[in-house]
**Student:** 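For reference, the structure I am asking about is given below.
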Amino acid sequence: MSLAMTSTRLPDPQYDPAYYDGVLPKRFFAWAIDAALVFSSMVLLSIFTAGIAFMLWIPVHAALAFFYRWTTIKNRSATFGMRVMNIELRGPSGAPLTPAEAALHTGSFLAFAFFFLIQLVSIGMMIGRPFNRSLPDELVGSVMINCPQ
């Protein structure tokens, strides 16, 4: 990346390929890190609530995952896993996501995660398109890029 991203548009993958180089594997590893963090938090929460969170695993896990992902994306445009992998989400204008865009992205990400076929379509979209956009990215108009330096 030759220049820091200061414009009000998304970087073009044809002219600024450094923003998109290696983003797909980084997304996978970021997802794995985030999934491990949420799972560990769920186990701890289950222990601290004397098993109540364990009995209500699905709704509590969904709420915890939503809160974690939405909070980290709205505050810094990246979850902890994304930060470790040096990637971030940018909105349609090239700016970090607004709280509403982060909520829409997070909600659609979690909703689509419940359906295996939709996940496969989303992965296929990331692999076969220039901006590497998933279904939640298309819905919001966001892209995942390498962090500008």
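Predicted model only: the values in this text are computed from it and were never measured. Numbering of residues begins at 1 and proceeds along the displayed sequence. Just the heavy atoms: all of them, side chains too, but no hydrogens, waters or symmetry mates, feed the values below.
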**Student:** Is any side-chain heavy atom of I87 less than 4.5 Å from a side-chain heavy atom of I145?
**Tutor:** no
**Student:** Please identify each residue that fulfils side chain to side chain donor-acceptor pair (under 3.5 Å) with R76, with sequence neighbours left out.
**Tutor:** none
**Student:** Mind checking whether Y20 and V143 have side chains closer than 4.5 Å, heavy atoms only?
**Tutor:** yes
**Student:** Strictly distance-based, threshold 3.5 Å: is any side-chain N or O of S108 a donor or acceptor partner for the main-chain N or O of H105?
**Tutor:** yes
**Student:** Heavy-atom distance under 4.5 Å between the side chains of M126 and I123, does that happen here?
**Tutor:** yes
**Student:** So do the side chains of M144 and M82 get within less than 4.5 Å of each other, counting heavy atoms only?
**Tutor:** yes
**Student:** Is the F66 ring parallel, tilted or perpendicular to the W70 ring (thresholds 30°, 60°)?
**Tutor:** parallel
**Student:** Do F109 and L97 share a hydrophobic cluster, counting only Ile, Leu, Val, Met, Phe, Trp and Tyr and linking them when any side-chain heavy atoms are less than 4.5 Å apart?
**Tutor:** yes
**Student:** Is it the case that the side chains of Y68 and D34 hold a donor-acceptor pair, with the cut-off being a distance below 3.5 Å and no angle test?
**Tutor:** yes
**Student:** Under 4.5 Å between side-chain heavy atoms, counting indirect links through other Ile/Leu/Val/Met/Phe/Trp/Tyr residues: same cluster for L44 and W57 or not?
**Tutor:** no
**Student:** Carefully, step by step, assess E138 and R129 under the rule salt bridge (Lys or Arg N to Asp or Glu O under 4.0 Å).
**Tutor:** CA-CA 11 Å; E138 284 291 336; R129 307 207 38 203; 3.0 Å; yes
**Student:** State, yes or no, whether a side-chain contact exists between M55 and S46 at a heavy-atom distance under 4.5 Å.
**Tutor:** no
**Student:** Are F80 and F29 connected in a single hydrophobic cluster, I mean Ile/Leu/Val/Met/Phe/Trp/Tyr linked by side-chain heavy atoms less than 4.5 Å apart?
**Tutor:** yes
**Student:** When you check the gap from the basic side-chain N to the acidic O, do R27 and D137 get nearer than 4.0 Å?
**Tutor:** yes
**Student:** For the residue pair R133 and F131, would you count it as a cation-pi contact if the rule is NZ or CZ under 6.0 angstrom from the ring centre and within 45 degrees of the ring axis?
**Tutor:** yes
**Student:** Does atom CG of L120 have more than 12 heavy-atom neighbours, drawn from other residues, nucleotides or ligands, at distances under 6.0 Å?
**Tutor:** yes
**Student:** Determine, using the 4.5 Å side-chain heavy-atom cutoff (strictly less than), whether M42 and L110 are members of one ILVMFWY cluster.
**Tutor:** yes
